[in-house]
Structures are given as C-alpha cells and as structure tokens.
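For reference, the structure discussed in these notes is given below.
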Amino acid sequence: MKNIVLILFMLIATYPLLACERKNDSSIEENTIPEVRNRKILIAYFSWGGTTQQVAENIARYSGGTLFRIETVNPYPTEYTPCTEVAKEELDKGIRPKLKAIVKDFDQYDTIFVGCPVWWHTAPMAVWSFLESDAYDFSGKTVIPFCTYQATYRDETLAKIVELTPNSKHLKGFGTTNKNTNLDSWLKEIGVQTVDK
Ligand SMILES: Cc1cc2nc3c(=O)[nH]c(=O)nc-3n(C[C@H](O)[C@H](O)[C@H](O)COP(=O)(O)O)c2cc1C
C-alpha cells in the first residue's frame with residue numbers, strides 16, 4: 001500500500017514536467033517555416049584553420065542539416081606560409097586534390113550548403129574537386145554558397161561555387177570575416193531556418 005501511494009505521488013509530481021516538455025516541442029513546431037519543414041539539408045564545407053568549420057556548425061545547428069567536412073587525402077601544411085604556397089601551386093596548375101571521403105546517400109539531400117575559406121581570391125581547389133566529383137549529381141538541387149575570408153574576394157568565391165554547380169538552383173550566399181557572426185537574418189531571408197534560436 002505504501003508503495004502504491006509513493007508511485008501515485010511520483011506520477012502527480014512529475015506530470016507538470018512532462019507537460020512542459022510537450023509544450024516546448026510544439027512551440028518549435030510553430031516556429032518552423034512550412035516551406036522548409038521537409039527539406040533534407042547537407043552542409044558540406046572545407047576548412048583549414050577552423051573558421052569556416054565554426055560557421056558550418058552554426059548553420060547545422062540552425063537548420064538541422066547534416067555536416068560533411070571536405071578533406072584532402074594529402075593534408076595541407078599546418079604552417080600558414082607553406083599552406084599558401086601549396087594552395088597557390090594547386091590553383092595555378094588547376095590541380096584537383098584527391099578527397100578522403102564521399103557523402104553517404106548524397107541523393108537524399110535536396111538543399112546543400114557549400115562553404116569554404118577564400119584562398120587566393122577564389123575557392124580552394126579541394127572544393128573544385130568536391131563539386132566536380134563524378135560521385136555527385138548536383139542537378140536540380142538547391143546550392144547555397146558561403147565563405148569566410150580575411151579581407152577580399154568574398155563575392156568571387158561565392159560566384160565560383162555557383163559556377164561549379166551550373167545545373168543547380170541557387171539561393172543568396174553569405175560571406176563573413178567573423179566565425180561568431182550572426183546567421184539569423186541570412187537564414188531567415190533564404191527561408192532555411194527551421195529552429196528558432
Ligand atoms: C592559402 C590561403 C589563401 C588565402 N587567400 C585569401 C584571399 O585571397 N582573400 C582573403 O580575404 N583571405 C584569404 N585568406 C584568409 C582566409 O580566407 C581566412 O582566414 C578564412 O577565414 C580561413 O578560414 P578557415 O579557418 O576555415 O580555413 C587565405 C588564407 C589561406 C590559408
């Protein structure tokens with residue numbers, strides 16, 4: 001009898017907590033923009049120093065998308081100047097570096113963010129390798145470019161991602177010099193914010 005009273009008491013005591021949890025779930029639902037509710041989002045990014053990665057992770061947090069890091073089989077030098085030299089040689093010679101991995105079940109995604117740092121006024125050649133890969137068919141998909149940079153060539157880099165995906169639809173891209181930048185208004189503007197933050 002004592003046990004039954006104890007169980008009843010615990011049920012009554014925890015009910016408000018359970019009810020509250022359900023209320024929070026439904027408030028997320030209400031803030032979801034209907035147009036994007038069923039989108040399958042991939043965020044593919046290349047990052048050498050971590051800035052673009054941070055932005056990609058924030059996009060994933062806001063959009064509920066899946067992250068994919070574009071990595072080369074031969075890693076770039078960890079020191080800045082040697083890295084710029086390798087990057088320049090790749091660009092000048094049009095080298096497409098081999099990539100480490102491919103996206104699993106690529107076909108399931110209909111919206112793909114593609115992000116990278118600006119390298120020598122454009123996207124790093126690893127991003128060219130990714131976008132030109134035979135493993136993927138970008139036609140009909142929505143591609144959204146983003147980049148991080150120090151000072152210059154933001155627009156040219158976003159345009160390169162668009163140019164490398166000629167059969168895709170494109171939404172307005174985004175470029176930032178700050179990894180902690182606020183993505184809110186951009187994601188809202190393009191209708192890809194599914195979780196209210
Ligand atoms: C090889 C190389 C080339 C770069 N070229 C440019 C450039 O042309 N314009 C620019 O504004 N920043 C340039 N940067 C700076 C990076 O774009 C910037 O620091 C970026 O945010 C780094 O992103 P990450 O930390 O994800 O690698 C270059 C950096 C490197 C390593």
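The residues of the chain are indexed from 1 along the displayed sequence. In listed order, ligands and their atoms are each counted from 1.
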- [ ] Using distance alone, decide if ligand 1 has a nitrogen or oxygen within less than 3.5 Å of any nitrogen or oxygen in Trp48.
- [x] yes
Open item on the list: Quick check on contacts: which atoms of ligand 1 are under 4.0 angstrom from a heavy atom of Thr152?
Closed with: 9 (N), 10 (C), 11 (O)
Open item on the list: Using side-chain heavy atoms (C-beta onward) and a distance below 4.5 Å, is Ile41 in contact with Phe113?
Closed with: yes
Task: Shortest protein contact, atom 8 (O) of ligand 1 (heavy atom only) - done: His121 N, 2.9 Å
Open item on the list: I need the nearest protein heavy-atom contact for atom 22 (C) of ligand 1: residue, atom name and distance, please.
Closed with: Pro117 CB, 3.6 Å
Open item on the list: Within the structure provided, determine whether Trp48 and Pro124 are in side-chain contact (heavy-atom separation under 4.5 Å).
Closed with: no
TODO: For atom 21 (O) of ligand 1, grab the closest protein heavy atom and report residue, atom and distance to one decimal in Å.
DONE: Thr148 OG1, 2.7 Å
Open item on the list: Checking a contact table here: which protein heavy atom is nearest atom 11 (O) of ligand 1, and how many Å away?
Closed with: Ala151 N, 2.6 Å
Task: 4.5 Å side-chain heavy-atom contact, Val103 and Phe130 - done: yes
TODO: Could you name the option among Thr81, Val118, Thr177 that has the heavy atom nearest to atom 28 (C) of ligand 1?
DONE: Val118
Open item on the list: Considering non-hydrogen atoms of the protein only, which is the closest contact for atom 29 (C) of ligand 1, and what is the distance?
Closed with: Tyr80 OH, 3.6 Å
Task: Under-4.0 Å protein heavy-atom contact, atom 24 (P) of ligand 1 - done: yes
Open item on the list: Main chain of Met125, side chain of Ser129: is a donor-acceptor contact present, judged purely on distance under 3.5 Å?
Closed with: yes
Task: N/O separation below 3.5 Å, Thr84 to ligand 1 - done: no
Open item on the list: Would Gly49 count as a polar contact of ligand 1, with the cut-off being nitrogen or oxygen pairs under 3.5 Å?
Closed with: yes
Open item on the list: Please report whether ligand 1 has a polar contact with Gly50, defined as an N or O pair separated by less than 3.5 Å (distance criterion only).
Closed with: yes
Task: Where ligand 1 meets Ala87 - atom numbers and elements under 4.0 angstrom, heavy-atom basis - done: 1 (C)
TODO: Starting from atom 31 (C) of ligand 1, locate the nearest protein heavy atom and write down its residue, its atom name and how far away it is, to 0.1 Å.
DONE: Trp119 NE1, 3.4 Å
Task: Transitive ILVMFWY cluster of Val118, excluding itself - 4.5 Å side-chain cut-off - done: Tyr149, Tyr153
Open item on the list: Within the structure provided, determine whether Thr148 and Lys179 are in side-chain contact (heavy-atom separation under 4.5 Å).
Closed with: no
Open item on the list: Pairs of nitrogen or oxygen atoms closer than 3.5 Å, one from Thr52 and one from ligand 1: do any exist?
Closed with: yes
Task: Minimum heavy-atom distance between Leu67 and Ala56, given as atom pair plus value - done: CD2-O, 3.5 Å
Task: Stepwise salt bridge (Lys or Arg N to Asp or Glu O under 4.0 Å) check, Glu163 with Lys160 - done: CA-CA 5 Å; Glu163 187 191 314; Lys160 177 52 73 180; 3.0 Å; yes
Task: Side-chain heavy atoms of Val192 within contact of Trp186, under 4.5 Å - done: no
- [ ] Mark the output for Tyr76 as yes if a heavy-atom distance to ligand 1 is under 4.0 Å, and as no if none is.
- [x] no
Task: Phe46 CZ to Glu71 CD distance, which is reported to the nearest 0.5 Å - done: 9.0 Å
Task: Shortest heavy-atom approach to atom 10 (C) of ligand 1 - which of Glu90, Gln150, Gln54 - done: Gln150
- [ ] Taking Thr181 for its side chain and Thr177 for its backbone only, find out whether a donor-acceptor pair lies under 3.5 Å.
- [x] no
TODO: May I ask you to identify the nearest protein heavy atom to atom 5 (N) of ligand 1, giving residue, atom name and distance to one decimal place in Å?
DONE: Trp120 N, 3.0 Å
- [ ] Using the six-membered ring of Phe106, assess whether NZ or CZ of Lys141 lies under 6.0 Å from its centre and within 45 degrees of the ring axis.
- [x] yes
TODO: Report the part of Ser47 in contact with ligand 1, treating N, CA, C, O as backbone and CB onward as side chain, heavy atoms under 4.0 Å; options are side chain, backbone, both, neither.
DONE: both
